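Side-chain atoms are counted along with the backbone in the values below, which use heavy atoms only and exclude waters and symmetry mates. If you're wondering where the values come from, they're calculated on a predicted model, not measured in any experiment.
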Amino acid sequence: MKAVRDPLTEAFFTYLEGERNASPRTLTAYRHALAEFRAFRPDLTWRAARAGDFRAFLLELMKRERARSYTRLTFSALRSFYKFLSERKNLPVNVLKSVSIPKAGKRLPTFLTLKQVADLLAAPGNAPVEKQAPAWAPARDTAIIELFYSTGIRLAELASLNVSDIDPYSETLRVIGKGSKERVCPVGGPALEAISKYRHAARVQSGPLFLNKSRRRMSARSIWMGMKKYIRQTGLPATTSPHKLRHSFATHLLDNGADLRSLQTLLGHASLSTTQIYTHVTTERLQKVYKASHPRA
């Protein structure tokens with residue numbers, strides 16, 4: 001059976017991709033969210049749906065025991081869609097404004113210890129080079145891990161880097177983050193040295209910074225799959241990821257006296273409240289140290 005064309009959702013995803021620079025992952029999640037509501041109420045058009053229909057949908061998700069994070073992401077997609085309809089497609093009332101959803105549960109970010117980070121950084125140099133991999137692959141992978149930990153940038157941000165984004169003289173990196181927002185991040189000496197060694201070994205002069213064996217830009221997935229190999233090699237938790245290196249970057253900075261506003265800028269967070277979750281992590285660690293060390297704790 002041929003799928004029915006939906007001009008409103010097509011316009012919405014064109015807007016997300018073209019104007020909002022949404023990631024492929026966000027586009028996939030939003031498509032799934034809209035499709036799930038349509039499957040719940042196939043008899044309704046988007047313009048005919050009312051707040052009560054979305055409350056019933058929310059109740060259905062709760063009956064299915066979906067995680068709060070899943071429910072919130074689903075309604076975030078629906079709210080963005082209806083905001084788009086009210087602003088761009090002459091929808092008179094945004095019916096989702098009156099629909100309340102469960103608050104997100106507080107989930108503290110996990111991070112690596114300094115020793116775990118050091119083990120991961122050393123892993124590419126200690127691993128045998130795969131037969132089909134270029135000789136410079138270990139130098140590239142070391143540079144990738146060094147850059148993740150040195151700057152705290154996201155996986156997609158690292159994958160999109162070009163040689164011209166790095167300024168070794170000012171020791172900075174130009175990053176294009178979410179919503180095409182540009183920020184400048186300082187880069188540590190070890191990361192700059194690792195990048196220089198990789199570029200020299202791979203003869204990377206311009207264009208994409210990190211190359212695959214075909215000398216094309218590495219995809220985010222390829223970078224992640226490569227890191228998984230080193231995570232297994234060093235015996236780190238299976239949950240270790242590029243994003244955990246971002247958490248480690250933030251936590252270690254706060255542990256050593258960085259202020260929240262500076263950290264917000266470095267991470268590219270739009271809101272300080274997003275950055276503040278790291279203070280809970282460091283406070284929790286301080287409490288453990290205090291209880292373990294103070295004679296009258």
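- The minimum heavy-atom distance between Leu209 and Tyr198, with the atom names listed, is O-OH, 2.7 Å.
- Atom CZ of Arg25 has 12 or fewer heavy atoms from other residues, nucleotides or ligands within 6.0 Å.
- Residues Asn212 and Ser222 have side chains that never bring a donor and an acceptor to within less than 3.5 angstrom of each other.
- The CD1 atom of Ile231 sits 7.0 Å away from the OG atom of Ser241 when rounded to the nearest 0.5 Å.
- Here the closest heavy-atom approach between residue Arg246 and residue Gly152 is recorded as NH1-O, 2.6 Å.
- Distance alone, capped at 3.5 Å, places no donor-acceptor pair between the Arg174 side chain and the Glu182 backbone.
- Under a 3.5 Å cut-off, the side chain of Tyr82 and the backbone N or O of Trp46 do form a donor-acceptor pair.
- When all heavy atoms of Ala77 and Ala33 are compared, the closest pair comes out as CB-CB, 3.6 Å.
- Applying the ring pair (Phe, Tyr, Trp, His ring centres under 6.0 Å) rule to Tyr70 yields no partners; only residues at least two apart in sequence or on another chain are considered.
- Looking at heavy atoms from C-beta onward, Val187 lies out of side-chain contact with Ile166 at the 4.5 angstrom threshold.
- A donor-acceptor pair is defined here as one N or O able to donate and one able to accept, closer than 3.5 Å; such a pair exists between the side chain of Gln233 and the backbone of Ala123.
- Residues Phe57 and Leu78 form a side-chain contact, since some pair of their non-hydrogen atoms from C-beta on lies under 4.5 Å apart.
- In this structure, the side chains of Asp6 and Arg38 come closer than 4.5 Å at one or more pairs of heavy atoms.
- Taking the side chain as every heavy atom from C-beta outward, Pro242 and Leu158 never approach each other to under 4.5 Å.
- Using cut-offs of 30° and 60° for the angle between ring planes, the Phe54 and Phe37 rings count as parallel.
- Within the 3.5 Å criterion, the main-chain N or O of Asn94 finds no donor-acceptor partner in the side chain of Arg79.
- Between Leu59 and Lys63, some side-chain heavy-atom pair lies under the 4.5 Å cut-off.
- The hydrophobic cluster containing Leu253 does not contain Phe148, counting ILVMFWY residues as joined when their side-chain heavy atoms lie under 4.5 angstrom apart, directly or transitively.
- Leu58 is connected to Phe40 through a chain of hydrophobic side-chain contacts under 4.5 Å among Ile, Leu, Val, Met, Phe, Trp and Tyr, so both are in one cluster.
- Within the 4.5 Å cutoff, side-chain heavy atoms of Leu91 are placed close to those of Arg47.
- Classification of Asp43 and Arg41 as a salt-bridged pair holds, one side-chain N sitting under 4.0 Å from a carboxylate O.
- Two different hydrophobic clusters hold Leu161 and Met225 under the rule that ILVMFWY side chains link at heavy-atom gaps under 4.5 Å.
- Annotation: ring pair (Phe, Tyr, Trp, His ring centres under 6.0 Å) contacts of Phe12 (sequence neighbours excluded): Phe81, Phe84.
- Cluster membership check: Trp136 shares its hydrophobic cluster with Ile145, using side-chain heavy-atom separations under 4.5 Å among Ile, Leu, Val, Met, Phe, Trp and Tyr.
- For the atom pair CZ (Arg221) and CH2 (Trp224), the distance works out to 11.5 Å, reported to the nearest 0.5 Å.
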Exercise. Show your working on side chain to side chain contact (heavy atoms under 4.5 Å, CB included) between Leu44 and Arg50 and close with a plain yes or no.
Key: CA-CA 9 Å; Leu44 287 177; Arg50 296 292 176 261; over 6 Å; no
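- More than 12 heavy atoms of other residues, nucleotides or ligands shown are found within 6.0 angstrom of CD on Glu10.
- Of the possible donor and acceptor atoms, one in the side chain of Arg140 sits under 3.5 Å from a partner among the backbone N and O of Leu211.
- Heavy-atom neighbours of Lys229 NZ from other residues, nucleotides or ligands within 6.0 Å: above the threshold of 12.
- Note: His252 NE2 to Tyr149 OH = 4.5 Å, rounded to the nearest 0.5 Å.
- No donor-acceptor distance shorter than 3.5 angstrom exists from the side chain of Arg183 to the backbone of Leu173, with no hydrogens or angles considered.
- Rounded to the nearest 0.5 angstrom, Phe210 CZ and Asp141 CG are separated by 9.0 Å.
- We find that Lys197 and Glu146 are not joined by a salt bridge, their nearest charged nitrogen and carboxylate oxygen being 4.0 Å or further apart.
- Nearest heavy-atom pair across Thr142 and Gly125 is OG1-N, 4.4 Å.
- More than 12 heavy atoms of other residues, nucleotides or ligands shown are found within 6.0 angstrom of CZ on Arg215.
- Side-chain contact between Leu8 and Leu85 is present, with heavy atoms from C-beta onward closer than 4.5 Å.
- The backbone N or O of Pro237 sits less than 3.5 Å from a side-chain atom of Thr240, completing a donor-acceptor pair.
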Quiz item: What do the steps show when you test Met218 against Ile144 for side chain to side chain contact (heavy atoms under 4.5 Å, CB included), and what is the final call?
Solution: CA-CA 11 Å; Met218 286 187 80; Ile144 285 172; 4.1 Å; yes
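- With values rounded to the nearest 0.5 angstrom, Leu27 atom CG is found 7.0 Å from Phe13 atom CZ.
- Residue Leu245 is tested with Leu147, Leu120, Ile153 for a side-chain contact (heavy atoms from CB on, under 4.5 Å); the sole match is Leu120.
- By the ring pair (Phe, Tyr, Trp, His ring centres under 6.0 Å) test, Tyr30 is found to be paired with no residue, residues two or more places apart in sequence or in another chain being considered.
- Taking each heavy atom of Phe75 and Val99 in turn, the nearest pair found is CE2-CG1, 4.1 Å.
- In this structure, Leu112 and Asp119 have side chains that are not in contact, with every pair of non-hydrogen atoms separated by 4.5 Å or more.
- Using a distance-only test at 3.5 Å, with no hydrogens or angles considered, no donor-acceptor pair links the side chain of Ser196 to the main chain of Leu192.
- Pairing each heavy atom of Ser98 with each of Ala51, the nearest pair is OG-CB, 3.6 Å.
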Practice problem: Tell me, with the steps shown, if Val175 and Thr151 meet side chain to side chain contact (heavy atoms under 4.5 Å, CB included). | Solution: CA-CA 10 Å; Val175 179; Thr151 61; over 6 Å; no
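- Ser150 contributes a side-chain N or O that, together with a main-chain N or O of Gly188, makes up a donor-acceptor pair within less than 3.5 Å.
- Separation of atoms NZ (Lys244) and CG (Leu236) is listed at 8.5 Å; rounding is to 0.5 Å.
- For the pair Asn162 (side chain) and Ser164 (backbone), a donor-acceptor distance under 3.5 Å is absent.
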Quiz item: Does the pair Thr71 and Met62 meet the rule for a side chain to side chain contact (heavy atoms under 4.5 Å, CB included), with working shown?
Solution: CA-CA 8 Å; Thr71 302; Met62 294 171 72; 5.5 Å; no
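- Around CZ of Arg20, the count of heavy atoms belonging to other residues, nucleotides or ligands within 6.0 Å does not exceed 12.
- Residue Glu17 qualifies as open at atom CD: its count of foreign heavy atoms under 6.0 Å is 12 or below.
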